[in-house]
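Please read the structure below before turning to the comments.
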Amino acid sequence: MAKNLNDFVKDNSKFLRLQDGETFEGTYVGYKVTTSTFDPDKETVVYKLRYEDGKEVYFQTGSTAVASIFSKFKGGERVKVKREGTGTATKYKISSPAVIISQEEMEPDDDFIA
């Protein structure tokens with residue numbers, strides 16, 4: 001059966017690419033703070049995530065709300081990342097049964113790179 005191009009991208013990309021309404025479910029591995037490719041004067045965070053089948057992908061965002069939530073993780077926790085919106089209206093909802101996240105922390109901020 002022939003794959004469509006979206007499936008090809010998901011299977012071959014090293015970075016997590018979610019469309020509006022799509023969800024990643026897997027395991028949080030860790031993170032690295034690095035220079036933003038969009039603005040060399042800013043930093044961004046690259047999170048390493050693992051699918052159930054063992055494939056690892058990177059999720060990059062400069063969102064301080066996302067960083068605040070992931071700061072509660074130690075590594076190895078089950079995690080769910082859901083994208084809502086498109087372009088500059090993109091928000092990510094992060095949840096995990098292993099980590100308690102308050103409603104206030106779930107509120108997205110406007111400082112992000114999708």
Side-chain angles (χ1 to χ4, degrees):
M1 173 184 232
K3 290 184 179 185
N4 66 40
L5 291 178
N6 285 334
D7 290 338
F8 178 82
V9 170
K10 285 181 184 178
D11 289 346
N12 293 289
S13 178
K14 290 183 181 182
F15 283 85
L16 183 64
R17 305 277 186 224
L18 299 175
Q19 299 298 316
D20 182 25
E22 284 188 318
T23 302
F24 163 87
E25 292 188 56
T27 304
Y28 170 72
V29 177
Y31 74 95
K32 179 180 179 180
V33 177
T34 186
T35 303
S36 171
T37 56
F38 300 108
D39 183 348
D41 293 332
K42 290 188 178 182
E43 290 182 320
T44 188
V45 183
V46 180
Y47 303 93
K48 191 175 200 180
L49 306 172
R50 183 178 304 122
Y51 284 100
E52 295 295 323
D53 65 4
K55 180 184 178 208
E56 293 182 339
V57 293
Y58 299 97
F59 170 56
Q60 182 175 355
T61 179
S63 168
T64 56
V66 170
S68 177
I69 293 168
F70 274 115
S71 72
K72 298 177 178 293
F73 291 64
K74 293 182 171 130
E77 295 90 351
R78 300 271 312 134
V79 66
K80 182 177 180 180
V81 178
K82 182 175 183 180
R83 179 181 178 153
E84 294 181 350
T86 60
T88 59
T90 298
K91 309 291 183 198
Y92 291 99
K93 292 197 174 189
I94 314 297
S95 60
S96 173
V99 177
I100 297 172
I101 301 168
S102 72
Q103 188 62 34
E104 182 179 296
E105 289 172 306
M106 290 187 69
E107 290 301 315
D109 62 12
D110 294 328
D111 180 24
F112 73 93
I113 298 171

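Everything numeric in this text was worked out from a predicted model, so none of it was measured.
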task = Decide if atom OH of Y47 counts as having more than 12 heavy atoms of other residues, nucleotides or ligands within a radius under 6.0 Å.
result = yes

ask   = More than 12 foreign heavy atoms under 6.0 Å from NZ of K55: is that the case here?
value = yes

request  = May I ask you to check whether F59 and F24 place their ring centers less than 6.0 Å from one another?
outcome  = no

Just by modelled atom types, is the [Y] backbone N or O under 3.5 Å from a matching donor or acceptor in the [X] side chain?
X   : Y   : result
T44 : T61 : yes
S68 : A65 : no
R50 : V57 : no
E77 : G75 : yes
S96 : R78 : yes

message = Which label fits F73 and Y28: parallel for a plane angle under 30°, tilted from 30 to 60°, or perpendicular past 60°?
response = perpendicular

Spacing of [X] atom [atom1] and [Y] atom [atom2] [to the nearest 0.5 Å]:
X   : Y   : atom1 : atom2 : answer
K82 : E84 : NZ    : CD    : 5.0 Å
Y58 : L49 : OH    : CG    : 10.0 Å
N12 : R17 : CG    : CZ    : 12.5 Å
T27 : E52 : OG1   : CD    : 6.0 Å
T35 : E43 : OG1   : CD    : 6.5 Å
Q60 : S36 : CD    : OG    : 6.5 Å

ask   = When hydrophobic residues are tied together by side-chain contacts of less than 4.5 Å, even through go-betweens, does V33 share a cluster with V66?
value = yes

ask   = Going hydrophobic residue to hydrophobic residue with side-chain gaps under 4.5 angstrom, can you get from Y51 over to L18?
value = yes

message = Going by the rule side-chain hydrogen bond (donor to acceptor under 3.5 Å, both in side chains), which residues pair with K48 if we only count those two or more places apart in sequence or in a different chain?
response = E56

